[in-house]
Amino acid sequence: MRTLRTIILSLGMVGSLMASEALIVGKGTNLAKIGLDAKAWESVKAQNIAFYPQSTIEMSDADVMKLNADNKAKNVNIKSLSDGENIAFLLKWQDGTKSVQEGYSSTAYGDGFAVQFPTVLDKLPYIGMGSEGRAVVVHLQKATGKTYEPNGNKDVFHQVNSSNQNAFEANLKKYKDEVAQAGNGDYQRVYLAEGFRSTTQIRDNSEESMMEMKYDKGFWTGVIVRKLKSTNLDLSSGNFPVAFAVWDGEKKNRDGMKLLSPWVEVKVQNGKNLATLMETKEGDVKNGETVMMENCAACHQYKEVKNAPNYMAPNLSNIGGYANESYLIESIIDPSAVVVPGYNTTAHPNFPWYTVDKGVRSSTMPPFSHLDAKSLKDLVAYLKTLKVEVSK
Ligand code: HEC
């Protein structure tokens, strides 16, 4: 085993031999309401996809940064089924602690998972919740305790004056029991997003999905099923990309602090390949590292290279884990095509990540369209190696 790993590592130095990730979809019937424990899952082959810590941002919460300082990547076991009308995914991932968010204003964070689908199929949206002109539909499920929202967003407990608690003790107990009965433990949301912080919750049933999650013996299992075709999506004509995320409540994961998959090609039977969108070419990693040091290290931090201050540009330490090659090439030769939102809380006012003119965002990163074809290919091969190891 050891020799095999050594061989793989040394090959990795020559070129990135990673094939792009793909999920083979099993054929099912009547999937509209398929649950976690449905028999249909048993015959479907599971595939491991590595999820990487999103290191693009630093949070101002020092506690969170410390908890997440040495996050590893995590393998998530994924199965997929389609009946031609619906698409369903079953995710299974390890999480040593079951974290459940109690109530909506709680400081305890819940474990959770999300699945995002692109609304455009000719370009890859920014992996962190889409980008301008490349919206995604995001389905989010979080582990929550039972909560009851009698008037929309306030827990019923808050409506009982606690200083009168003695007088109302009996009443309060009655209330609590009623909440336990009436409340549900299901926190499920659907968003349309064109980049982090641009999310709009879809409240009608146009992008309806069924999601569930269950914790058992150190593992979460999550299921999602939705229609292939809807108001915003049309995934019915062939293969399409999909991306996933998981949050760990124990590490106070929230928002951009999560483990993220790259865009993964969902392969349906007889589907058209997404070749140029998803492919990964080989390149000279060693030369790519030199190109990177010469052209990029003045702004970007990556791995142990910290020549630039952390507010200059996104940290690229895990970019090879969650960014696809076509996205990387685009980011290098045409940075304004996809602009990473400047939500870095350590951002410096003199070094914004983008400027806005008449509502259009332009990246402050200069385009590197002058790089020759070999340098670009090698640089991308090097970028693909930037990722932490997968935890065992
Ligand atoms: C002058 C500073 C600067 C230089 C030099 C620079 N970048 Fe950037 N880069 C940025 C900024 C700012 C952003 C965020 C805005 C955006 O998305 O373009 C960014 C974004 C990126 C992204 C997208 C990151 C993400 O999380 O999706 C990639 C990839 C990237 N740069 C790669 C490179 C590479 C490779 C080089 C060298 C060839 C380079 N950059 C040189 C400033 C720079």
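The structure presented is a predicted model; accordingly, all values stated were derived computationally and were not measured. Residues take their numbers from the sequence shown, with the count starting at 1. Computation of the quantities below employed the complete heavy-atom set of this structure, encompassing side-chain atoms and omitting hydrogens, waters and symmetry-equivalent molecules. Ligands are counted one by one from 1 in listed order, and the atoms in each one are counted from 1 as well.
Other residues, nucleotides and ligands contribute only 12 or fewer heavy atoms inside 6.0 Å of the NZ atom of Lys377.
Ligand 1 places these atoms under 4.0 Å from at least one heavy atom of Leu379: 35 (C), 38 (C). Close approach of ligand 1 to Met312 is summarised as follows: ligand atoms under 4.0 Å from at least one heavy atom of the residue are 12 (C). Shown in contact with Asn295 at under 4.0 Å from a heavy atom are these atoms of ligand 1, numbered in order with element: 5 (C), 37 (C), 38 (C), 41 (C). Taking every heavy atom of Val338 and a limit of under 4.0 angstrom, the matching atoms of ligand 1 come to 17 (O). Taking every non-hydrogen atom of Ile319 and a distance limit under 4.0 Å, the qualifying atoms of ligand 1 come out as 24 (C), 25 (C), 26 (O), 27 (O).
For the pair Glu330 and Arg134, the salt-bridge criterion is met [side-chain N within less than 4.0 Å of a carboxylate O]. In this structure, Asp37 pairs ionically with Lys214, as a charged nitrogen and a carboxylate oxygen lie closer than 4.0 Å. Between Asp63 and Lys252 there is a salt bridge, with a side-chain nitrogen of the basic residue lying less than 4.0 Å from a carboxylate oxygen of the acidic one.
Atom 17 (O) of ligand 1 has Val340 N, 2.8 Å as its closest protein atom, hydrogens excluded (heavy atom only). Counting only heavy atoms of the protein, atom 12 (C) of ligand 1 lies nearest to Thr364 OG1, 3.5 Å. Regarding atom 41 (C) of ligand 1, its nearest protein heavy-atom neighbour is Phe368 CE1, 3.5 Å. In this structure, atom 27 (O) of ligand 1 lies nearest to the protein heavy atom Tyr327 OH, 2.4 Å.
Of all protein atoms, those that are N, O or S and lie under 2.8 Å from atom 8 (Fe) of ligand 1 total 2.
When side chains are defined from C-beta on, Leu379 counts as touching Leu371, because their heavy atoms get closer than 4.5 Å.
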Set out, in order, the CA-CA distance, both residues' side-chain angles and the distance that settles side chain to side chain contact (heavy atoms under 4.5 Å, CB included) for Trp263 and Phe244, then state yes or no. CA-CA 8 Å; Trp263 287 105; Phe244 307 90; over 6 Å; no
Evaluate Asp111 against Trp247 for side chain to side chain donor-acceptor pair (under 3.5 Å), listing each step before the verdict. CA-CA 5 Å; Asp111 297 328; Trp247 283 264; over 6 Å; no
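Two rings, from Phe351 and Tyr311, have their centers less than 6.0 Å apart. With ring centers used as reference points, Trp93 lies under 6.0 Å from Phe113.
Ranked by closest heavy atom to atom 15 (C) of ligand 1, the top entry among Tyr322, Phe351, Tyr311, Trp353 is Trp353.
Residue contacts with ligand 1 do not include Tyr354, since none of its heavy atoms lies under 4.0 Å from the ligand. Residue contacts with ligand 1 leave out Ala323, since none of its heavy atoms falls under 4.0 Å from the ligand. The closest approach between Val291 and ligand 1 stays at or above 4.0 Å for every heavy atom of the residue. Between Tyr126 and ligand 1 there is a heavy-atom distance shorter than 4.0 Å.
Here Ile127 has no heavy atoms under 4.0 Å from ligand 1, in either its backbone or its side chain. Residue contacts with ligand 1 for Ala298 are absent, since no atom lies close enough (heavy atoms, distance under 4.0 Å).
Between Tyr302 and Tyr382, the ring-plane angle classifies as perpendicular under the 30° and 60° cut-offs.
The minimum heavy-atom distance linking Ala243 with Ser261 is given by the pair CA-OG, 3.6 Å.
None of Arg226, Lys229, Lys227 except one satisfies the salt bridge (charged side-chain N to carboxylate O under 4.0 Å, His left out) rule with Glu85; the exception is Lys227.
Of the possible polar contacts, none joining the Ser80 side chain to the Val25 backbone as a donor-acceptor pair under 3.5 Å is found.
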